[in-house]
Structure formats: structure tokens, C-alpha cells
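To find a chain, count down the sequence lines: A is the first, B the second, and so on, and within it residues start at 1. No experiment lies behind these values; they were computed from the predicted model shown.
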Number of protein chains: 2
Amino acid sequence: MKYSVVVVDDHNLLSQAIGSLIEDFEQFRVLYLCNNGQELIEKFKNPRNIPDIVLMDVNMPILNGIETTDHLRQHFPQVNVLALSIEEDENTILKMLRAGAKGYLMKDVKKTELENALLEVLKKGYYHTNTVAKILVGSLAQKETSVSSLKEREIEFIKHACTEKTYKEIADDMCLSYKTIEGYRNVLFEKLNLRNRTGLVIYAIKNKIFVP
Amino acid sequence: MKYSVVVVDDHNLLSQAIGSLIEDFEQFRVLYLCNNGQELIEKFKNPRNIPDIVLMDVNMPILNGIETTDHLRQHFPQVNVLALSIEEDENTILKMLRAGAKGYLMKDVKKTELENALLEVLKKGYYHTNTVAKILVGSLAQKETSVSSLKEREIEFIKHACTEKTYKEIADDMCLSYKTIEGYRNVLFEKLNLRNRTGLVIYAIKNKIFVP
DNA sequence: TCTGCATAGGGGTTTTTCCCTTTATTGATT
DNA sequence: AATCAATAAAGGGAAAAACCCCTATGCAGA
């Protein structure tokens, strides 16, 4: 009996293509393809649609890979989720693993490595490439002040700071005194170890607080 | 006789996967796969390696899709290049088409649309989805001041401006007077219609001059 | 010679950055 | 109930950096 795999990816061509690769593998078969997390969860309502492995893209519309993986971890812990993404961003990888993914594959993996990953996940319960392992180790150091430590109002301010507005204008927009805005800024410079507004903008974009 | 297709994509899995999709098509066969533009150009030295169609990714290391397409347009104009990318950025699409691509496919196309695109390109010499057509029309308006109108030294300055350095420090780094740096900045603000450095940073990131 | 361009200076206003203090509020701890 | 600690909001004052406008020189190419 072959192990069943489901591919979840909003890029239609990719999911089809990856599906057809998997069909070539001796020990695996594709159960079905999905375009996003919502479709997958819908499918899972029928127990016959629950596969051994889910190959999950991270960036998808409607219900993204992180949220979907989190849902699966809570409701279908027996399913092995393998993330498959072009996204090499450290935070994304960490979020995905925290959500319960058993491994994180870059989309540039070779066919044989994919097969290997599928086998390993079933055997050991996880599969990590060197790249991901390195990132994991790296994340243990520093990173004390992550986005999650920022307050709601600070995040809001940062978004305003990522525009051409002066602080005076931001103060007006947020219905606060100019001096209060200065306070927010100074606290953030301190917390995030920044020198000036440019640093804050770059930080915001790196951490996806502001998407240009 | 089937038409020959070459897939150029640094994401190994993708190129293999797309390749195997194409093998399913009645009228097409995959000649070989490449990881980047340089590999492709190397291959072309042997005339038997020149295919009817090249499916080209845009973002690749070493020699990217735009440069590669440009090279093919100049040296092998008989080859039809179809861009295949997740990149939906307007400027990127325009650059690719300007470089000589006969069409631009998003990676979320369906299998049948890919086949259709391959056939159309051979028949009509081009293939454009609605999305791309819309972007082309949109680009006719505005967009006078595109990245391409910026000078080499200006681009360099912009990259420096996307750091926490002060203009004084940037001046030192670029071995120019502080006043010259101010000149660059003022010219850019004028050209790109910006108010301050924050605007410049956002512009740089949007246009991929600086990648955070 | 004229033009365009890179470079750079003078001098001024506005904005940003930095330090330090104050007040009101809220939530927790005696 | 009284006290304490933490926090959000706000202000004064000053130096540094950013922003703005206008001018000038030297050099390469038409």
C-alpha cells in the first residue's frame, strides 16, 4: 500500500507539477490537490481524504500555510505537514515550524531529495535540510526583541512611520501629541536598537509589519 | 516531430516538475533543463541544443531571466522565450517583455493554459494573459520616471540611503562631498516626486533597488 | 564655444533625534 | 483603603541631521 500525499499550493501549475513528480515515486501516491488551506480543511471532513503527508505552501490566499498547519496540528495531529516554499525568510520558517510543520523544504530541492524527505518524515517524524537547521540554531541566539513584544499602538505607529509623513502629521493622524509620538519612536529605537527612522522602516519591512 | 522546449529555473524541483508536465503534452518534448541563464547560453553553443521554446524563470542567480532573454533576442532571435514567474511586479513584467519575451505566464496557470500558451507562441508569435494585457495598457499611462532612467551613481546612493547611515557617512563611503550627496538626494526627490528619505527607501524597496 | 553633467559650497528653515521631567491612570500589593 | 509600580501621554530645550534654494567650477562631448 502506497503512502498518500496531498499537495496544497495556490500556484496551480506547481501543485500539478509536484503532484506528477510524486506519482513517479515508488512508495507514494497523490490523493488530491488543493489551492489553499480552506479547501484542505473542507476535504478533511471526510476521513477518507486524510493523507499521510501534506505538502504545504506557505503563501496562499484565504487560509495561509501557517494558519492551516496550526489547525492541522490541533485537529489532525497524525498528519505530517511538510512546508514547501520559496520563502527563505527566517521568521516565516520559524513560524511554520512553530505551527507544527515537520520540515521545511525550499522549492529548489531536487526530486530525489523530495522523495527522501517524504520517507524521512514517515520514519523519523521530521526532516530538516542543513539550511533550515542553520537557521534554527541562529534563531536561538539574539532575537530577544521580536515583533511579538511590540504593542498594538507601537505597530500602528511604525506603519505610519513607513510613509512620507512627518512625525507631526503622524501625531495628527493618530490623534496624539507630537511629543507622544516622539516617545513611541524613542522607545522603539531603544527596543530594536535602531539609530533613526530609516532603520525603523527597514525593520518594519523585514518583519512584514509594513508591506510596500 | 514534436516541438522542443527547454525549462530554465533555479528551483530544481519546479523545473523538473514543469518538465514532466510538458512531457504529457502531445506536441511537445523537453530537450533539457537548466538552473540559470549561464547554463542555457553554454548549452546553446551546440546548435542541436537550441529549442523552439524556452520557458524562463525571471529570478535566477548568476544570469537572471531578463538578461538571459535579452541575450537570446540578440543572438538567437528564432527562439521563443516565454517568461514563467511568480513575480507579479509590473516593472519586472515590463522589463521581461522589453527584453524580448513573447509572453509572461504566472506560475499559477493551469496545465491546459500552459499547453495553450506553448501552441499560441508558435502559431502567433506571442501569448498574453488578461492580467499581463491589463498591465501593459496600464503602463502606457504615467510611469515616465522608471528605475531605468536612474543613473548608476544614483542607484548606488539609493542603496546607501536604505541604511541607518547619515548623509555625512554616505558621503564618506562614496568618497563624495556631503553637498554632492545632497545634490543626488534633491535630484531624486524631484525625479521620483518624493518628500523625504523615507519615501526614497520605500521606492527603493518597491522597485527592488534595495532588497531588505 | 556651448551644453550637459558631476561635483561641491553658502546659508537658511524644518524635522529629527536626544535627554530629562511631569501628570493622570490603571492594576497589583500590602 | 492606602500605597506602590508600571505605563500612556505630553512637554521643554537643544543639538544634529535633513531638507531646500541658489550658485559655481571643471570637464567631456557635440
Side-chain angles (χ1 to χ4, degrees), chain A residues 142-207 209-212, chain B residues 143-212:
Chain A
Q142 15 121 10
K143 285 283 164 183
E144 203 49 56
T145 47
S146 70
V147 177
S148 51
S149 76
L150 300 182
K151 302 191 214 323
E152 207 41 56
R153 205 71 171 146
E154 285 171 345
I155 302 264
E156 203 185 324
F157 162 71
I158 293 179
K159 286 178 183 165
H160 282 286
C162 291
T163 69
E164 291 192 306
K165 288 196 274 255
T166 66
Y167 289 128
K168 174 79 186 60
E169 288 165 347
I170 294 174
D172 290 347
D173 279 8
M174 289 179 72
C175 296
L176 291 171
S177 146
Y178 167 71
K179 277 297 178 177
T180 308
I181 289 300
E182 278 204 310
Y184 278 108
R185 183 203 54 199
N186 291 338
V187 166
L188 285 168
F189 281 4
E190 176 66 28
K191 268 194 198 175
L192 306 173
N193 204 5
L194 303 171
R195 285 177 69 187
N196 50 39
R197 184 161 167 179
T198 301
L200 189 60
V201 172
I202 302 292
Y203 174 88
I205 292 168
K206 268 191 184 153
N207 291 278
I209 293 170
F210 176 77
V211 181
Chain B
K143 286 283 164 183
E144 203 47 56
T145 45
S146 70
V147 177
S148 51
S149 77
L150 300 181
K151 302 189 216 318
E152 207 41 57
R153 204 71 171 147
E154 285 171 344
I155 303 263
E156 203 185 325
F157 162 71
I158 293 179
K159 285 178 184 163
H160 282 284
C162 292
T163 69
E164 290 192 306
K165 287 197 275 255
T166 65
Y167 288 130
K168 174 77 185 59
E169 287 166 349
I170 294 173
D172 289 347
D173 279 9
M174 290 180 70
C175 297
L176 291 171
S177 147
Y178 168 70
K179 279 295 179 179
T180 308
I181 289 300
E182 280 202 310
Y184 279 110
R185 183 202 55 197
N186 291 339
V187 167
L188 285 169
F189 281 2
E190 177 66 28
K191 267 195 200 177
L192 306 173
N193 202 5
L194 302 171
R195 283 178 71 189
N196 51 39
R197 185 160 166 179
T198 302
L200 189 60
V201 172
I202 301 292
Y203 174 88
I205 292 168
K206 269 191 183 155
N207 291 278
K208 303 190 193 306
I209 292 170
F210 176 76
V211 181

Is the closest basic N to carboxylate O distance between A/E182 and A/K179 below 4.0 Å? yes
Euclidean distance, B/L194 CG relative to B/I202 CD1, rounded to 0.5 Å: 10.5 Å
Are B/K159 and B/E156 close enough for a salt bridge, meaning some N to O gap below 4.0 Å? no
Where B/K165 and A/R195 come nearest, the two heavy atoms and their spacing: CA-NH1, 4.4 Å
Which pairs, protein N/O on one side and nucleotides 17-19 of chain D N/O on the other, fall under 3.5 Å?
residue	atom	partner	partner atom	Å
D/dA18	OP1	B/R197	NH1	3.2
D/dA18	OP2	B/Y167	N	2.9
D/dC19	OP1	B/R197	N	2.9
D/dC19	OP2	B/Y167	OH	2.6
D/dC19	N4	B/E182	OE2	2.9

Mind checking the CG-OH spacing from A/L188 to A/Y184? Nearest 0.5 Å is all I need. 9.5 Å
If I take atom CG from residue B/N193 and atom CD from residue A/E164, how far apart are they, to the nearest 0.5 angstrom? 8.0 Å
Does anyone know the first and last nucleotide of DNA chain C in reach of chain B, 5' to 3', at under 4.0 angstrom to a heavy atom? C/dA6 to C/dG11
For A/K151 and D/dT7, what is the distance between atoms NZ and C1' respectively, to the nearest whole Å? 8 Å
So how far is it from A/D173 CG to A/T163 OG1, rounded to the nearest 0.5 Å? 8.0 Å
Does the A/N186 side chain pair with the main chain of A/F189, one donor and one acceptor, at a distance under 3.5 Å? no
